[in-house]
Amino acid sequence: MTGPLVPFREIVLKVHSRCDLACDHCYIYEHADQSWRTRPKSISDEAISWTARRLAEHASKHALDSMSVILHGGEPLLAGPARLRQVCEELTSAMDGIAELDLRIHTNGVQLSPRYLDLFDEFDVKVGISLDGDRVANDRHRLFANGRSSHPLVLRAVELLRQDRYRHLDLGLLCTIDVRNDPVAVYDALVDLGPPRVDFLLPHATWDEPPLRPNGSNAAYAEWLLAVFDRWTDDGQKVPVRLFESVLSTLSGGPSLTESLGLAPTDLVVIETDGQIEQVDSLKSAYEGAAATGFDVFRHTLDEVADHPGVRTRQLGLAGVNETCRSCPVVRSCGGGLYTHRYRSSNGFDNPSVYCDDLKALVRGIETRTSAVTVSPALTNRQELVAEQHDLTRTLLAGLHDALDGRGGFRWDEAWELAGALESTGSGAAGLDRVLAHPYTRTWLLDTLEGLHAERPEAVGQALRLSAYVAAAAVRSRSGQSVPTEFHDGRLFLPTLGEVRIAGAGEAGRVGVCASEDGFSVHREGSGAWLNIPMGAEGPEWRPLREFGLGGVPPFVLDDLDPFRDCYVAPAAPRLNQGEADAWIEAVGVAWKRLERAAPGVTADAAESLTTLTPLLDGRSARRPHAYGAVGLGMTKDPDELFLCLMQGLRWTRLRALLDLTDLYALDGEWEYRLPWERNVKVPFSDLLARTYERVGLSYLVPRFLEGVPEALDMMEVAAEPTVGGMRLIQSLRDEVGGVHEVREVNIAINAEDQVPVR
């Protein structure tokens with residue numbers, strides 16, 4: 001096996017190998033592996049000491065911040081308070097000063113008493129109790145050997161754990177599913193007990209010993225769980241359910257929250273009462289010896305166990321699942337199912353889960369039920385996209401403040417306090433909003449944060465440009481406050497406004513900026529002179545950013561000065577003279593009108609978000625990673641070229657903005673897709689989505705760009721990568737494709753321009 005070793009963070013420690021119940025679905029006593037018969041009933045002193053030593057050794061070597069130990073059985077409470085105290089004391093002592101120890105115990109609750117709970121309180125041992133629902137459901141399996149019900153004793157244990165003095169130890173309830181039980185009755189019975197969490201567990205089964213399906217449905221367990229999910233949702237999700245939360249997490253691009261689902265590598269190992277180290281306990285359902293590793297705590301380190309082929313296989317993520325699973329669109333959420341449930345004697349574990357149909361139906365069922373409320377509003381609402389982008393910029397600014405951690409000194413604190421003062425007034429807040437909404441403010445923030453994280457020496461100085469943003473906001477709000485800031489190379493750039501020439505090239509210093517009736521004034525420290533800057537035409541000391549209108553939309557800014565505008569693939573053009581600017585604006589205006597006729601919906605979107613156009617030296621629109629509201633366009637007077645470049649820029653900018661706010665896909669790069677319009681080119685999902693998104697936009701202008709788009713949408717719709725939001729975007733592209741032809745029929749006048757060449 002290749003790849004880095006994944007250290008163990010969770011240890012299941014068997015402290016007793018027998019049980020006081022005779023549950024007929026127990027994987028330890030009723031399934032294929034019967035090794036419990038040869039093991040000592042209780043863990044020995046030597047096994048406890050060596051286990052503690054191995055955990056401390058492993059945590060220290062891998063610099064783990066914490067390790068979790070679950071005391072298990074059989075029934076762990078049968079080990080007795082004295083033996084459990086010894087286990088807790090030795091583990092706690094060994095891990096002291098090395099890593100935090102998270103102690104837990106899973107019990108059937110029959111033996112639970114204040115004596116045990118006082119001990120657990122002393123060592124902060126969290127308690128999870130197994131309970132399958134109401135009495136009818138629980139007594140279907142969880143009985144004493146003489147057939148007596150365990151339900152009253154388990155309820156007593158739950159009530160005991162709910163007492164105020166023990167409530168902090170309550171880990172929740174574990175329920176093994178039986179589809180013959182009423183799902184709503186089971187859920188209600190569990191929730192009525194007020195647990196902090198409920199875990200629903202599929203009964204262990206393999207292809208050789210398949211699960212019970214009394215109604216013959218291949219998705220009986222999904223149907224059962226979806227009935228619970230509906231009740232859980234109607235109930236306001238007042239109790240966390242790990243299985244449902246895990247599916248919701250993966251559907252949104254997040255991690256799995258349980259070992260039984262998802263593709264996260266296993267980090268769990270089992271230590272038996274005799275010190276033998278085994279793989280995950282559920283493997284005992286497969287065949288005799290399936291969980292064995294041949295290692296023990298007396299002679300072997302946990303690193304040796306982590307390198308065991310069986311353990312390594314369960315750490316391969318996507319590469320470790322069956323080929324059928326790899327091409328399944330729900331594999332991100334189900335992860336191929338629990339490893340044990342894939343077993344078939346004829347070919348081992350190289351199979352989908354025996355619950356495959358259930359897992360598909362469960363994931364798709366939850367996706368269908370929740371997509372309307374889990375999809376980011378920014379995907380469907382232009383105003384939300386603009387608002388969330390603005391919120392993100394403010395979040396990044398707050399993050400920069402935290403990342404500096406005092407390194408900005410007085411100058412940062414001064415600017416930060418002045419920003420707060422502006423925020424407290426109506427006009428000041430509006431001015432600050434305008435400056436923070438400028439697309440290249442985001443570029444400054446991201447570049448600076450990246451520099452701080454990389455410990456680049458110039459990053460702190462770059463952060464101190466905050467004062468220039470505050471000064472620009474003060475000027476916009478007509479604040480009478482003088483804002484101190486710095487100039488560099490003889491110039492001061494005020495974002496969204498323009499550039500002031502203060503001194504000669506190479507000079508630097510500090511100035512105060514103060515709004516005046518028709519502009520602002522600049523006072524250089526150490527000088528008695530004030531430089532008065534009118535906000536109108538360009539002069540020797542002042543080069544303003546130019547604004548221009550395109551008819552029917554707010555004016556755009558031609559930004560050819562911002563020091564953070566040079567962030568495109570193509571280099572930004574230097575400051576344009578007035579003639580160059582007029583010619584370029586005229587060409588952009590012609591292209592905009594054509595775009596307006598061809599795709600009025602696109603220009604309507606742009607009117608609410610696009611604020612800034614930046615000329616580039618390259619003759620094409622340039623893709624960029626950030627700065628919603630800005631498009632870079634080549635320095636060309638050819639309106640035909642600008643016609644297409646505008647559309648490309650608008651599409652890429654919006655897609656990037658969506659990706660800033662919501663996960664549209666996960667596991668990008670695990671699969672490759674052949675581009676329908678370039679058959680010899682394979683790309684990851686992210687590239688397929690981006691190119692398809694671009695082509696749909698360009699198809700408004702040039703019909704041939706629709707070629708291959710339906711095929712690409714088909715590929716993405718059945719892919720594993722898209723999240724709920726990603727699926728919503730794919731559907732919106734389908735809807736858009738359907739509307740392209742309607743738009744073109746209405747705008748026959750532009751057909752002659754449909755053959756514009758793409759460079």
message: Using the rule given for salt bridge (charged side-chain N to carboxylate O under 4.0 Å, His left out), can you reason through Arg594 versus Glu641, listing the C-alpha separation, both sets of side-chain angles and the distance that settles it, and then say yes or no?
response: CA-CA 11 Å; Arg594 290 185 181 180; Glu641 186 166 359; over 6 Å; no
- request: Take Glu499 and Leu494, measure what side-chain contact (heavy atoms from CB on, under 4.5 Å) needs, and give me the verdict at the end.
  value: CA-CA 6 Å; Glu499 182 181 271; Leu494 295 174; over 6 Å; no
- request: Carefully, step by step, assess Leu497 and Trp542 under the rule side-chain contact (heavy atoms from CB on, under 4.5 Å).
  value: CA-CA 10 Å; Leu497 295 176; Trp542 173 237; 4.1 Å; yes
message: Apply side-chain contact (heavy atoms from CB on, under 4.5 Å) to residues Leu400 and Leu452 and explain how you reach the verdict.
response: CA-CA 9 Å; Leu400 176 56; Leu452 289 173; 3.4 Å; yes
task: Report the C-alpha distance between Thr612 and Tyr440 in whole Å, list the side-chain angles of each, state the deciding distance to 0.1 Å, and finish with yes or no for side-chain contact (heavy atoms from CB on, under 4.5 Å).
output: CA-CA 9 Å; Thr612 306; Tyr440 301 131; 4.0 Å; yes
query: Where do Asp668 and Ser686 land on the side-chain hydrogen bond (donor to acceptor under 3.5 Å, both in side chains) test, with the steps shown first?
result: CA-CA 6 Å; Asp668 187 45; Ser686 57; 2.7 Å; yes
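A donor and an acceptor atom, one from each side chain of Ser427 and Ser477, are nowhere located under 3.5 Å apart. Defined by atom type and a distance below 3.5 Å, a donor-acceptor pair is present between the side-chain atoms of Arg476 and Thr496. Side chains of Gln389 and Arg442: a donor-acceptor N/O pair is present below 3.5 angstrom, by distance only. Side-chain contact of Tyr568 with Thr614: a donor-acceptor pair under 3.5 Å is absent, judged by distance alone. No donor-acceptor contact under 3.5 angstrom links the side chains of Ser376 and Thr662, judged on distance only. No hydrogens or angles considered: nothing links the side chains of Glu596 and Thr603 as a donor-acceptor pair under 3.5 Å. Looking only at atom types and distance, the side chain of Ser66 has no donor-acceptor partner in the side chain of Asp102 under 3.5 Å away.
Using a cutoff of 4.0 Å between basic side-chain nitrogens and carboxylate oxygens, Arg411 and Glu417 are not scored as salt-bridged. A salt bridge does not link Arg543 to Glu538: none of the charged nitrogens lies less than 4.0 Å from a carboxylate oxygen. Looking at Glu507 and Arg524, a side-chain N of the basic residue comes within less than 4.0 Å of a carboxylate O on the acidic one, giving a salt bridge. Classification of Asp559 and Arg565 as a salt-bridged pair fails, no side-chain N sitting under 4.0 Å from a carboxylate O. Note on Arg654 versus Glu694: no salt bridge recorded, every NZ/NE/NH1/NH2 to OD/OE distance being 4.0 Å or above. A salt bridge between Arg491 and Glu541 is absent, with no side-chain N of the basic residue lying under 4.0 Å from a carboxylate O of the acidic one. A salt bridge does not link Arg501 with Asp489: every distance from a Lys NZ or Arg NE/NH1/NH2 to an Asp or Glu carboxylate oxygen is 4.0 Å or more.
Contact record, Ala468 with Leu492: CB-CD1, 4.5 Å, taken as the closest heavy-atom pair. Nearest heavy atoms, Gly480 versus Cys514: O-SG, 3.4 Å. Residues Thr692 and Ala712 come closest through the heavy atom pair OG1-CB, 3.5 Å. Taking all atoms of both residues into account, the shortest heavy-atom contact from Ala471 to Val513 is CB-CB, 4.0 Å. Pairing each heavy atom of Leu576 with each of Pro615, the nearest pair is CD1-CG, 4.0 Å. When all heavy atoms of Val511 and Val522 are compared, the closest pair comes out as CB-CG1, 3.7 Å.
Two residues are said to be in side-chain contact when any heavy atoms from C-beta on lie closer than 4.5 Å; Arg546 and Val557 fail this criterion. Leu675 is listed as a side-chain neighbour of Arg691, based on a closest heavy-atom distance under 4.5 Å. In this structure, Leu397 and Leu445 have side chains that are in contact, with non-hydrogen atoms separated by less than 4.5 Å. Within the 4.5 Å cutoff, no side-chain heavy atoms of Thr425 are placed close to those of Ser479. Using a 4.5 Å heavy-atom threshold, the side chains of Tyr665 and Leu659 count as touching. Counting only heavy atoms from C-beta outward, the side chains of Leu558 and Glu547 never approach each other to under 4.5 Å. Contact annotation: the side chain of Glu100 never approaches that of Asp65 to less than 4.5 Å [non-hydrogen atoms, C-beta and beyond]. Counting heavy atoms from C-beta on, the side chains of Glu486 and Glu525 never come closer than 4.5 Å.
Within the 3.5 Å criterion, the main-chain N or O of Asn577 finds a donor-acceptor partner in the side chain of Glu580. The closest donor-acceptor contact from the side chain of Trp652 to the backbone of Val631 lies at 3.5 Å or more, if one exists at all. Without hydrogens or angle criteria, Arg382 side chain to Ala378 main chain gives no donor-acceptor distance under 3.5 Å. Remark: side-chain polar atoms of Ser521 are not paired, donor with acceptor, to backbone N or O of Leu531 under 3.5 angstrom. Side-chain N or O atoms of Ser249 include none that pairs as donor or acceptor with a backbone N or O of Glu245 at under 3.5 Å. Here the side chain of Arg728 pairs no donor or acceptor atom with the backbone of Thr723 at under 3.5 angstrom. Side-chain atoms of Thr441 come within 3.5 Å of backbone N or O of Val435 as a donor-acceptor pair. A donor-acceptor pair under 3.5 Å is absent between the side-chain atoms of Thr653 and the main chain of Leu650, judged by distance alone. Checked by atom type and distance alone, the side chain of Arg510 never pairs as donor or acceptor with a backbone atom of Pro484 at under 3.5 Å.
Annotation: cation-pi pair Arg651/Tyr693 present, NZ/CZ under 6.0 Å from the ring centroid and within 45° of its normal.
To the nearest 0.5 Å, the span separating CZ on Arg332 from CG on Leu667 amounts to 6.0 Å. Here the CG-CG distance, from Leu595 to Leu701, works out to 6.0 Å after rounding to the nearest 0.5 Å. A distance of 9.0 Å separates OG1 of Thr393 from CG of Asp660, quoted to the nearest 0.5 Å. The distance from the CD1 atom of Ile533 to the OG atom of Ser516 is 9.0 Å, given to the nearest 0.5 Å. Ser333 OG to Leu251 CG: the interatomic distance, rounded to the nearest 0.5 Å, is 4.0 Å.
The side-chain hydrogen bond (donor to acceptor under 3.5 Å, both in side chains) with Thr448 is formed by just one residue from the set Arg456, His453, Gln462, Glu458; it is Gln462.
Ring pair Phe556/Trp592 is perpendicular by interplanar angle, where above 60° counts as perpendicular and below 30° as parallel. Relative ring orientation between Tyr673 and Phe685 is described as perpendicular, the plane-to-plane angle rising above 60° on a 0-90° scale split at 30° and 60°.
Taking the ring centroids of Tyr469 and Trp444, they lie under the 6.0 Å cut-off.
The neighbour count for Glu586 CD, taken as heavy atoms of other residues, nucleotides or ligands under 6.0 Å away, does not exceed 12. Other residues, nucleotides and ligands contribute only 12 or fewer heavy atoms inside 6.0 Å of the CD atom of Glu455.
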